[in-house]
Asks: 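Dropping the structure in here first, questions after.
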Amino acid sequence: MDVSGLLDGLNDAQREAVSASPENQLILAGAGSGKTRVLVHRIAWLIQVENVAPHAILAVTFTNKAAREMRNRLEEKLGGAARHLWVGTFHNLAHRLLKQHWRDANLPEQFQILDSDDQLRLIKRVMKNLEIDEGRWPAKQTQWYIGGQKDEGRRASYLQRTGDLHTDTLIKIYTAYEEACQRGGLVDFGELLLRSHELWLNKPELLAHYQQRFRFLLVDEFQDTNTIQYAWLRVLAGGQSYITAVGDDDQSIYGWRGAQIENIQRFTQHFPNVHTVRLEQNYRSTATILKAANAVIDNNRGRMGKELWTDSVEGDLISVFAAFNEQEEARFIVDRISAWVESGGLRRDCALLYRSNAQSRALEEALLQRGLPYVVYGGQKFYDRLEIRNALAYLRLIWNRHDDPAFERVINTPTRAIGERTVEDIRAYARERDCSLWQAADELTQTGRMTARASNAVRSFISLINRLDVETREEPLHKIADHAITASGLLDFHRNEKGEKGLSRVENLQELVGACKAFEPEDSEEPVLGQFLATTALDAGDAQAEPDSDSVQLMTLHSAKGLEFPLVFITGVEENLFPHKMSMDEPGQLEEERRLCYVGITRAEKKLYITYAESRRLHGSDAFNMPSRFIREIPSDLLEEVRPRTKVTRPVYHSRGDHSQPATHPSLRQKETSDGEFRLGQRVFHPIFGEGIILNVEGNGPRTRVQINFDTDGTKWLMLSHANIGAA
DNA sequence: AAGATAGTCGTTTTT
DNA sequence: CGACTATCTT
């Protein structure tokens with residue numbers, strides 16, 4: 001077989017990783033070092049050169065997106081053989097196992113995946129039953145606690161009572177929650193992993209089967225694995241299979257979610273004869289940007305050691321802009337983007353990154369004002385929207401009547417005169433009889449223990465679901481969905497809603513039908529509806545599908561991981577914000593912030609801006625933050641300070657009046673240009689272009705350039721020394 | 001059962 | 001400040 005192509009165009013380290021003989025591998029893959037390519041080629045190599053059967057290979061990723069991308073690229077490379085590979089997220093694969101061995105896993109055949117929203121509702125209900133005060137044990141925190149314990153592989157039964165009321169109460173809730181889940185056949189995200197891990201431990205013959213089968217495990221983003229995922233892998237590998245761990249300790253930014261950076265750090269100790277390869281050549285960024293990234297991350301201790309390099313050009317200096325406040329920061333950014341676009345750049349090549357979501361507002365306002373299209377990433381996901389969740393709840397009930405969370409959600413949505421009283425009665429009955437809400441409702445209406453009015457309403461709901469089921473049994477998925485949202489009245493309910501909201505909800509519901517139409521079931525044996533519901537639970541869908549729109553991209557630094565953009569702005573680079581003040585007490589957390597900064601810097605291909613504001617409106621009051629320490633960690637010869645103001649004065653067009661001076665704030669500003677002739681916002685006159693307003697000043701001395709928005713001729717950059725500009 | 005109103009809280013979020 | 005919630009009001 002001709003395999004030469006598999007190594008073509010790879011650098012030495014990449015070749016080494018791809019063509020190694022079967023062994024445990026640790027591939028430390030720096031940002032932009034061609035990691036996915038190496039993974040895909042490695043798999044192809046195993047199949048085509050080492051003659052490994054495709055079905056003996058398991059590739060694990062964290063996100064559905066990454067799994068999809070890997071699968072696509074494998075199909076490209078391998079064609080039909082790729083079908084026999086198992087490629088998926090941890091949760092996906094765990095779900096697959098549990099579905100296949102539901103009996104051994106002690107689950108009902110139609111068990112439901114509980115997403116975090118349903119999980120929270122269930123926890124609330126459990127707490128109510130236990131009469132635990134939500135004030136002292138907020139449900140959100142309890143959810144966090146339970147999730148955290150499961151991530152650590154700890155069941156409630158394993159946890160010891162401590163004598164501390166707070167902890168003991170949490171354990172009590174956890175116990176009751178576990179029981180409620182088991183009773184209802186509900187499996188949350190953490191449970192998928194925990195349960196499948198236990199499945200293997202409890203059924204050695206089953207484990208042996210999978211150990212036999214999967215000889216090669218390849219794991220992407222290894223630095224993000226948590227305790228249970230790591231245990232899962234170790235058990236599966238079992239000493240007979242080879243693991244390829246791909247990751248980058250410097251990009252571990254999910255420690256707060258349970259990810260154990262130690263997993264990658266200690267990998268070589270836990271697995272025998274690990275061959276480590278470092279992918280350090282970066283194909284993404286300019287040398288300047290890489291030097292900055294390296295310098296910043298060098299401040300972290302205990303790194304595994306890796307330094308990115310490139311043979312590409314030095315590139316532009318990194319521009320640092322000190323804004324007066326967040327609005328000026330936003331205006332500056334928007335100016336630069338406008339300039340970029342005017343010189344032929346694409347909007348979608350610009351990314352605005354920030355530490356926390358709240359920062360997007362000021363940026364959005366400025367973009368809106370300038371008429372620049374933009375998208376904000378990481379908002380609510382498609383399947384998380386209220387109307388979609390409601391529609392899915394109908395589908396879930398059609399699929400499985402005993403899905404309590406779904407029942408609760410739509411028993412009275414749209415309203416059909418079933419009040420809280422009635423629902424509470426149903427709950428009480430279900431609790432008493434230890435049955436599902438559906439069964440409780442059904443029995444209650446038949447035993448006459450309800451008022452006639454309530455009984456009728458509930459009956460009509462029950463028959464609605466039954467009817468939907470019967471009438472659509474032979475129909476394709478999208479017909480079921482269409483029928484469900486129509487017959488349930490959900491569509492009309494939102495249609496009658498006033499304003500934009502209702503309109504977009506109706507559109508979303510129609511889009512759901514569209515998604516059903518486009519849905520491709522993985523398994524032709526299984527009912528499509530069940531497969532679709534599992535998919536919606538495990539993959540919330542991308543925020544909004546506007547794939548080809550040319551829009552400026554706004555997102556948090558976290559969601560930028562894995563992406564790249566020619567032009568990047570890292571905004572709000574201030575102490576207390578980035579690093580965030582909640583992360584500054586512990587060195588470990590500060591280091592994670594620094595890794596986040598490293599991730600941010602390495603997103604940029606050509607040009608990087610770092611901006612901060614001396615004053616920022618946050619939670620209703622003004623915060624005066626110092627520039628972030630991370631800026632100081634970049635060698636100053638890589639930086640260029642942009643000083644649009646010729647004087648440290650507040651811009652004239654901005655006066656709030658609640659504080660007079662940003663004060664002598666220690667900042668990066670070292671020098672101030674002497675000629676205070678022109679200020680931002682000042683009206684000026686030009687002999688050719690007429691009158692306009694100064695938007696920006698850059699540079700100083702004879703090279704000073706000003707950007708002026710002329711009343712009639714638009715925005716232009718002019719050399720101050722050439723243009724004959726005067727005060728208007 | 002929808003709408004108004006007062007109170008609260010404020011990183012990051014792959015599944 | 002403003003988004004979200006819980007509670008009260010009609």
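Just so it is clear: chains get the letters A, B, ... in the order the sequence lines come, proteins before strands, and each one is counted from 1. Since we're looking at a predicted model, the values are computed, not measured.
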Asks: Round to the nearest Å and state the distance from A/Gln380 atom CD to B/dT14 atom C1'.
Replies: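 Those two atoms, CD and C1', are 17 Å apart.
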Asks: Expressed in angstrom and rounded to an integer, what is the separation of A/Lys581 atom NZ from B/dT12 atom P?
Replies: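 Distance check: A/Lys581 NZ to B/dT12 P gives 11 Å.
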Asks: State which residues pass salt bridge (Lys or Arg N to Asp or Glu O under 4.0 Å) with A/Arg616; sequence neighbours excluded, sorted by chain then number.
Replies: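 Partners of A/Arg616 under the salt bridge (Lys or Arg N to Asp or Glu O under 4.0 Å) test: A/Glu329, A/Glu574.
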Asks: NA contact type, A/Ala417, heavy-atom cut-off 4.0 Å: base, sugar-phosphate, or nothing?
Replies: sugar-phosphate
Asks: Check whether any side-chain nitrogen or oxygen of A/Ser116 sits under 4.0 Å from OP1 or OP2 of B/dT13, and answer yes or no.
Replies: no
Asks: Roughly how many Å is it from CD in A/Gln327 to P in C/dC1, rounded to a whole number?
Replies: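 For the pair A/Gln327 CD and C/dC1 P, the rounded distance is 13 Å.
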Asks: Rounded off to whole Å, could you give me the CD-to-P distance for the A/Gln119 and B/dT15 pair?
Replies: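 Distance, rounded to whole Å: 15 Å.
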Asks: Indicate, with yes or no, if the rings of A/His101 and A/Tyr210 have centres closer together than 6.0 Å.
Replies: yes
Asks: Is it the case that A/Arg385 and A/Gln380 place a side-chain donor and acceptor less than 3.5 Å from each other?
Replies: no
Asks: Is there a donor-acceptor pair under 3.5 Å between the side chain of A/Thr142 and the backbone N or O of A/Pro138?
Replies: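 At least one qualifying donor-acceptor pair exists.
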Asks: B/dT15 phosphate, OP1 or OP2: any side-chain N/O from A/Asn92 under 4.0 angstrom?
Replies: no
Asks: Hey, are A/Arg495 and A/Asp492 close enough for a salt bridge, meaning a charged N less than 4.0 Å from a carboxylate O?
Replies: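 Yes.
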Asks: Once you round it to whole Å, what is the distance between P of B/dT15 and CG of A/Asp384?
Replies: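 To the nearest whole Å, that distance equals 10 Å.
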Asks: For C/dC4 and B/dT13, measure between their P atoms and round to the nearest Å.
Replies: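 That atom pair is separated by 15 Å.
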Asks: Identify each atom pair where a protein N or O and an N or O of nucleotides 4-10 of chain C are less than 3.5 Å apart, giving names and distance.
Replies:
none

Asks: May I have the distance from A/Leu596 (atom CG) to B/dT11 (atom P), rounded to whole angstrom?
Replies: 15 Å
Asks: Among B/dT11, B/dT13, B/dT15, which is the nearest nucleotide to the side chain of A/Ser356?
Replies: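 Among B/dT11, B/dT13, B/dT15, the one nearest the side chain of A/Ser356 is B/dT11.
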Asks: Taking the side chain of A/Asp224 as heavy atoms from C-beta outward, which of B/dT14, B/dA1, B/dT13 is closest to it?
Replies: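 Closest of the options to the side chain of A/Asp224: B/dT14.
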Asks: Could you tell me the separation between the CG atom of A/Leu353 and the P atom of B/dT13, rounded to a whole number of Å?
Replies: 12 Å
Asks: Are A/His197 and A/Tyr230 close enough that their ring centres sit under 6.0 Å apart?
Replies: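 Judged by ring-centre distance (under 6.0 Å), A/His197 and A/Tyr230 do not meet the cut-off.
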Asks: Given B/dT15, B/dA2, B/dT12, which nucleotide is nearest the side-chain atoms of A/His558?
Replies: B/dT12
Asks: What integer distance in Å separates A/Asp117:CG from B/dT13:P?
Replies: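 About 17 Å, once rounded to whole Å.
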Asks: More 5' along DNA chain B: A/Arg416 or A/Trp144, using each one's nearest nucleotide?
Replies: A/Arg416
Asks: Could you tell me whether the side-chain ring of A/His580 sits stacked on the base of B/dT11, using a centroid cut-off under 5.5 Å and a plane angle under 30°?
Replies: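 So yes, this residue stacks on that base, both cut-offs being met.
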Asks: With DNA chain B as reference, determine whether A/Glu420 or A/Ser583 sits nearer its 5' end, using the nearest nucleotide of each.
Replies: A/Glu420
Asks: Looking at A/Thr415 and A/Ala417, would you say the former's side chain and the latter's main chain have a donor-acceptor pair under 3.5 Å?
Replies: no
Asks: So, is A/Lys381 near the phosphate of B/dT14, with a side-chain N or O under 4.0 Å from OP1 or OP2?
Replies: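 A/Lys381 to B/dT14 OP1/OP2: side-chain N or O found under 4.0 Å.
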Asks: Is there a stack between A/Trp256 and B/dT12, judged by ring centres under 5.5 Å and planes under 30°?
Replies: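 By the stated criterion, A/Trp256 and B/dT12 stack.
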Asks: Are A/Trp102 and A/Phe111 close enough, and set up right, to give a ring pair (Phe, Tyr, Trp, His ring centres under 6.0 Å), and what steps lead you there?
Replies: CA-CA 8 Å; A/Trp102 54 273; A/Phe111 70 87; 9.0 Å; no
Asks: So, is A/Asn357 near the phosphate of B/dT12, with a side-chain N or O under 4.0 Å from OP1 or OP2?
Replies: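 Checking A/Asn357 against B/dT12: at least one side-chain N or O falls below 4.0 Å of OP1 or OP2.
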Asks: Nearest to the side chain of A/Tyr254, heavy atoms from C-beta on, is which of B/dT14, B/dT11, B/dT12?
Replies: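 Given the options B/dT14, B/dT11, B/dT12, the side chain of A/Tyr254 is closest to B/dT14.
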Asks: May I ask you to verify whether the side chain of A/Arg257 and the base of B/dT15 hold a donor-acceptor pair under 3.5 Å?
Replies: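 Check passes, donor-acceptor contact within cut-off.
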Asks: Which of these nucleotides, C/dA3, B/dT13, B/dT14, is closest to any side-chain atom of A/Arg361?
Replies: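 Comparing C/dA3, B/dT13, B/dT14 against the side chain of A/Arg361, the answer is C/dA3.
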Asks: Which value, in whole Å, describes the distance between the P atoms of nucleotides C/dT5 and B/dT12?
Replies: 15 Å
Asks: Supply the atom-to-atom distance A/Phe519 CZ to A/Gln531 CD, rounded to the nearest 0.5 angstrom.
Replies: 5.5 Å
